**Q** 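Below is the structure I would like to discuss, written out as structure tokens.
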Amino acid sequence: MYLLSGSSNQSLTENISRITGIPLLERDIKTFMDGETKILIRNPSTLQKKHITIIQTITNSAHLIELCLLVDSLKSSGISKISLIAPYLFYSRQDKPKPGEPFSPHVIIKIIESSGIADITFIDLHSKKVEELFTIPTKKLSTISLLTNIINKESVIVAPDKGGVERAEETAHYFNTSLVHITKERLEHGKVLSKLEEKEIHNKDCFIVDDIIDSGNTICEAAKTLKIHGARTVNSFCTHGILSKNALPNLKDSELDHLFITNSINMPQEIKDFDKISIIDLAPLISKTLK
Ligand code: R5P
């Protein structure tokens with residue numbers, strides 16, 4: 001097997017290659033002035049009948065196009081099988097379309113499948129509904145085991161909204177801890193309002209689990225609600241750190257003590273240096289599935 005990295009998360013692929021010893025293919029990816037991508041796989045004649053695993057986090061349309069181009073350049077090299085590991089897959093939150101809206105994750109998954117990959121591995125995808133849209137074989141990786149040194153038996157696991165209840169229940173069950181639910185109401189301009197179910201969290205160490213942190217509003221509001229109800233500490237683990245505009249100032253001013261995220265999305269230095277955030281490397285977890 002060989003690994004091939006898209007441009008979205010090269011450091012993660014390099015870590016995986018180092019751990020597994022699986023060689024990384026040499027390739028050039030260039031972007032023209034008009035935004036078009038040019039791909040070149042080096043030494044394509046050596047790849048005949050080989051199995052290639054592409055690692056590409058897909059956070060924007062350019063990453064998706066790049067993936068399709070990488071697959072096409074491999075297909076012309078006579079390889080036997082192309083697998084994809086997509087640590088993060090965009091559009092998966094738009095899984096409840098209203099009349100007149102597209103079923104966006106389905107559209108994205110159809111594009112990925114039509115590129116010609118044989119199977120896909122994903123990590124903490126937003127919902128079961130999205131997982132079930134794939135028609136090619138899938139492998140699902142869970143990050144729960146990465147929390148072993150972070151969550152202790154005394155922690156109270158918190159679901160920050162209805163969509164996160166199953167994930168929080170699974171975490172609470174895994175660590176044999178108690179669980180509380182928060183209900184989230186989305187207000188105008190991305191603001192959210194959190195309400196806590198009637199449970200005693202006074203002086204407890206609360207741990208919010210979620211799949212994604214984007215603006216940070218969900219987690220910051222949940223942390224505020226938990227502290228108002230007497231929580232001693234509030235920490236959080238969100239697998240995918242989108243951390244878009246305002247997320248850092250939001251987190252800085254919030255009641256959240258610490259945030260753990262993974263490197264499913266490549267992090268800029270500003271986030272790596274942010275003292276309230278720790279980044280957990282996914283490379284050991286992904287490497288286990290490749291051995
Ligand atoms: C929503 O369903 C997701 O699970 C996250 O709770 C949400 O995407 C977080 O977004 P934000 O950080 O902008 O509140």
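Every value quoted in this text rests on a predicted model; they were computed, and no experiment measured them. One-based numbering, in listed order, for ligands and for the atoms of each.
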**Q** At less than 4.0 angstrom from any non-hydrogen atom of D161, what atoms of ligand 1 do you find?
**A** 6 (O)

**Q** With no hydrogens and no angle check, do the side chains of T233 and D257 hold a donor and an acceptor under 3.5 Å apart?
**A** no

**Q** If you count the atoms of ligand 1 from 1 in the order shown, which ones are under 4.0 Å from a heavy atom of H126?
**A** 1 (C), 2 (O), 3 (C), 4 (O)

**Q** Indicate every side-chain donor-acceptor pair of residues 243-250 with a distance under 3.5 Å to a residue at least two apart or in another chain.
**A**
| residue | atom | partner | partner atom | Å |
| --- | --- | --- | --- | --- |
| S244 | OG | D214 | OD1 | 2.4 |
| N250 | ND2 | S215 | O | 2.9 |
| N250 | ND2 | N217 | OD1 | 2.8 |

**Q** One residue to check: D211. Relative to ligand 1, which of side chain, backbone, both or neither has a non-hydrogen atom less than 4.0 Å away?
**A** side chain

**Q** Does G216, backbone or side chain, put an N or O under 3.5 Å from an N or O of ligand 1?
**A** yes

**Q** Any nitrogen or oxygen of R167, side chain or backbone, less than 3.5 Å from one on ligand 1?
**A** no

**Q** Whether K81 and D119 form a salt bridge (side-chain N of Lys/Arg under 4.0 Å from carboxylate O of Asp/Glu) is what I want to check.
**A** yes

**Q** Partners of S254 by side chain to side chain donor-acceptor pair (under 3.5 Å), sequence neighbours excluded?
**A** none

**Q** Out of I212, D95, D210, T218, whose heavy atom sits nearest atom 6 (O) of ligand 1?
**A** D210

**Q** Taking E221 first and then K224, would you say they form a salt bridge - that is, a charged N and a carboxylate O separated by under 4.0 Å?
**A** yes

